[in-house]
Amino acid sequence: MTIGSMEYVEVFSSEGKGRGLKATKEFWAADVIFAERAYSAVVFDSLVNFVCHTCFKRQEKLHRCGQCKFAHYCDRTCQRDAWLNHKSECSAIKRHGKAPNENIRLAARVLWRVEREGTGLTEGCLVSVDDLQSHVEHFGEEEQKELRADVDAFLQYWPPQSQQFSMQYISHIFGVINCNGFTLSDQRGLQAVGVGIFPNLGLVNHDCWPNCTVIFNNGKIELRALGKISEGEELTVSYIDFLNVSEERRRQLKRQYYFDCTCDHCQKGLKDDLFLGVKEDPKPSPEVVKEMIQFSKDMLEKIDKARSEGLYHEVVKLCRESLQKQEPVFADTNLYTLRMLSIVSEVLSYLQAFGEASHYARRMVDGYMKLYHPNNAQLGMAVMRAGLTNWHAGHIEVGHGMICKAYAILLVTHGPSHPITKDLEGMRVQTEMELRMFRQNEFMYHKMREAALNNQPMQVMAEPSNEPAPTLFHKKP
């Protein structure tokens, strides 16, 4: 597929939502509907020394721009490719004395591109940055204050010799970034590393149960079909994680994106009964349920605090206590139980207590499978992690089954060329081989596994962080 080719989509007026995009041909699961490079993009402030400013890959050793000493690149090729976008930034950083924050840097990159190319449609774009939603008129008092601070900081950074834009236009660009900023992840899709503006993607409306997903792969985003899409059907993505009751999702969408969600799942409260699920026999009283919700909220606060301080054994203790108390009250699809299961399995895996972690990971996956769309990217990643945990615990059959399930999901959501899918394919082949050996001679399998693990350092899970997994759109909470 050619990047920037938009031949199979068209802009239309979507009832109650303003503009939208619809398919002009039939699509099937895993089809790439379009791919798009960023109009402008920047690396997060916290990662400017660790991530290439051109391709957004994490690298051990990066070349630094000799002029501004700020920008970092994989190699000369990435540095050369960046020069058109970095040239004005480079001299502005030198003049300013230091690089401003990511928001200011992104706004400046957008405006330097507008200065070079004008405000009209750029090649392959169905909409110009001028016409993207900014919602500045809906900003509350706090957001207005932040916007004024951003505009002031921008004006100090913006060079006097560059084209001068009106305050209104600069504010519009900051609004566009606030509403349309898309999170860029590292090459394996595991960490959010930057933010970019993708005008065509900005036209795709939200649905809590969408027919498409977006993935960042090798310097571009891909809009991928999650199932069959008919000709003329609107294309949708989910701006937020589905794992919440409809009322809470609607509140979040209204607060962050300024619209009322009217999707089927919100209108009919679909799956809310599962998110709030309680045990059937015996059924707890409403008072007991209410008390347990409050207890769970208080415990989650304590757990977040302990996590942020790196007190992982304390986190495990609090999760165990919570799950024990929740057991007679909540069903396994209950949001509070699932949050505990997710945290405790991740932290125990990090502490290499794989046996206990695998038990919690299995329960978590069982709950997720009843809630998420079968081809949801977050579900795929969660099943992959649970599969790895079970493999580490020596549960080869369960581990292999989960890795196969995750691979099937990621083939749809990420595609076969994405690094994480390739990693998963390697794991699938390895666990299949191990499973065959296990079935032929269980005793020999365990002996060989033990020897292999003694000879090579155990693959340790990443340290748990309070940062959520990369979401689609880059929003301040």
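It should be emphasised that the depicted structure is a prediction, and the values quoted were computed from it without experimental measurement. Worth knowing before you read on, the calculation uses all heavy atoms, side chains too, and leaves out hydrogens, waters and symmetry mates. Quick note: residue numbers are just sequence positions, from 1.
- Annotation: salt bridge (Lys or Arg N to Asp or Glu O under 4.0 Å) contacts of Asp264 (sequence neighbours excluded): Lys268.
- Neither side chain, Arg249 nor Gln252, offers a donor N or O lying under 3.5 Å from an acceptor on the other.
- Around atom CD of Gln164, more than 12 heavy atoms belonging to other residues, nucleotides or ligands sit under 6.0 Å away.
- Ring geometry for His72 versus His53: interplanar angle of 30 to 60°, hence tilted.
- Between Lys228 and Glu233, no side-chain nitrogen of the basic residue sits less than 4.0 Å from a carboxylate oxygen of the acidic one, so the salt-bridge criterion is not met.
- The six-membered or imidazole ring of His63 lies away from that of Tyr73, with a centre-to-centre distance of 6.0 Å or more.
- Because its NZ or CZ atom is both nearer than 6.0 Å to the ring centre of Tyr39 and within 45° of the ring axis, Arg113 counts as a cation-pi partner of that residue.
- Below 30°, between 30° and 60°, or above 60°: for Tyr257 and Phe259 the angle between ring planes is between 30° and 60°, a tilted geometry.
- The cationic group of Lys25 lies under 6.0 Å from the six-membered ring centre of Phe27 and within 45° of the ring axis, placing it in a cation-pi geometry.
- Within 6.0 Å of CD in Glu141 there are 12 or fewer heavy atoms belonging to other residues, nucleotides or ligands.
- No more than 12 heavy atoms of other residues, nucleotides or ligands lie within 6.0 Å of NZ in Lys290, so this atom counts as exposed by the packing criterion.
- No side-chain donor from either of Tyr336 and Gln326 sits under 3.5 Å from a side-chain acceptor of the other.
- In the model, Tyr372 has a side-chain atom that pairs as donor or acceptor with a side-chain atom of Asp241 under 3.5 Å.
- Salt-bridge formation is not detected for the pair Arg148/Glu146: no Lys NZ or Arg NE/NH1/NH2 atom is positioned less than 4.0 Å from an Asp or Glu carboxylate oxygen.
- Counting non-hydrogen atoms of other residues, nucleotides and ligands closer than 6.0 Å to CZ of Phe50 gives a total of 12 or fewer.
- Between Trp209 and Phe242, the ring-plane angle classifies as perpendicular under the 30° and 60° cut-offs.
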